[in-house]
**Q** 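The following block contains the structure, expressed as structure tokens.
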2 protein chains.
Amino acid sequence: MTNPLQALWPCCAGEESGTAELFSALADPTRLILLWRLLQAQGELSVSELSDCCGIHLSGVSRHLAQLRQAQIIDARKEGRTVFYRLRAEPLASTLTALAEAVSSQAQPSEATTET
Amino acid sequence: MTNPLQALWPCCAGEESGTAELFSALADPTRLILLWRLLQAQGELSVSELSDCCGIHLSGVSRHLAQLRQAQIIDARKEGRTVFYRLRAEPLASTLTALAEAVSSQAQPSEATTET
DNA sequence: AGCAAATTTGCGCATACATGCAAATAAAGT
DNA sequence: ACTTTATTTGCATGTATGCGCAAATTTGCT
């Protein structure tokens with residue numbers, strides 16, 4: 001692998017580019033709302049609770065959560081007939097940080113970047 | 001806007017969720033390769049140069065670059081008949097960092113997470 | 001067993017996206 | 001003017017994605 005960006009995200013089975021999978025999971029307004037809700041909650045929320053905040057059918061919410069879960073961004077815990085989801089900080093935070101550092105290490109034109 | 005996650009990414013015209021647009025731009029293996037190439041280059045690269053590293057047609061590369069450009073992740077500069085692209089560090093790096101902090105502030109149950 | 005609640009899954013549909021190819025621009029060079 | 005080079009854009013196509021609705025599944029209650 002000549003491309004560390006591709007490998008930044010260690011999750012996602014045997015995919016070609018795990019990082020792309022991570023960003024795909026984050027690339028939807030509804031999923032961002034769900035993540036934000038989980039962030040606010042500072043803990044677990046059920047599918048029903050989560051579905052209150054986004055204007056789509058509950059089945060859709062369930063699918064979105066499954067997607068986030070598969071991307072290892074959130075965790076699920078089943079208690080009785082309800083399923084509780086919670087945000088999983090790592091390795092999300094570390095990956096984003098690493099990415100930020102990689103980006104800023106470059107185009108940060110300390111000098112010598114004579115543009116137009 | 002009750003959702004800071006949606007507003008984290010200030011670019012992208014009048015879109016509903018700029019952050020989702022940002023991640024959409026990053027959610028493709030080819031585009032990640034291009035970004036990595038620009039990172040390595042530590043400067044500008046032309047479309048032709050960029051297209052060497054990813055296995056798709058040059059026209060596709062051009063489209064991907066346009067997408068990254070519209071997402072304000074890269075900048076373009078035209079010199080003669082060639083167009084040079086370069087990575088734009090900000091606000092990408094800041095946004096990723098902010099996101100990482102938001103995420104780690106929560107599920108990191110180390111201590112001090114005394115919520116509101 | 002029978003019923004109700006919480007969640008997931010199958011299906012169909014509409015829309016978005018990535019891609020290659022060929023044509024269109026744009027800018028030089030002859 | 002004609003030709004060559006660099007890049008973009010139109011078009012067609014196959015594939016992925018988000019959605020609602022209804023049915024299936026799982027679990028708890030009586």
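Throughout, a chain's letter reflects where its sequence line sits, starting with A, and its residues are numbered from 1.
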**Q** Between the side chains of Glu90(A) and Ser94(A), is a donor N or O closer than 3.5 angstrom to an acceptor N or O?
**A** yes
**Q** Is it the case that dG20(D) (base atoms only) and Arg63(A) (side chain only) share a donor and an acceptor within less than 3.5 Å, ignoring hydrogens and angles?
**A** yes
**Q** Does Tyr85(A) have a side-chain nitrogen or oxygen under 4.0 Å from the phosphate oxygens OP1 or OP2 of dT8(C)?
**A** yes
**Q** Side chains of Ser46(A) and Glu49(A): donor-acceptor distance under 3.5 Å anywhere?
**A**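 A donor-acceptor contact under 3.5 Å links the two side chains.
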**Q** Go through the N and O atoms of the side chain of Ser59(A) and the base of dC19(D), and report whether any donor-acceptor pair is under 3.5 Å.
**A** no
**Q** Nearest 0.5 angstrom please: Gln72(A) CD to Leu92(A) CG, how far?
**A** 10.5 Å
**Q** Between Glu79(A) and Leu58(A), which residue's closest nucleotide on DNA chain D lies nearer the 5′ terminus?
**A** Leu58(A)
**Q** Do any side-chain nitrogens or oxygens of Thr82(B) fall under 4.0 Å of OP1 or OP2 in dA26(C)?
**A** no
**Q** Would you say His57(A) places a side-chain N or O within less than 4.0 Å of OP1 or OP2 belonging to dA22(D)?
**A** no
**Q** On the side chain of Arg31(A), is there an atom forming a donor-acceptor pair with the base of dG18(D) - under 3.5 Å, no angle test?
**A** no
**Q** Under the 3.5 angstrom rule, does the side chain of Arg31(A) hit a backbone N or O of Ser24(A) as a donor-acceptor pair?
**A** yes
**Q** Heavy atoms only, 4.0 Å cut-off, all strands: where does Gly80(B) land among base, sugar-phosphate and nothing?
**A** sugar-phosphate
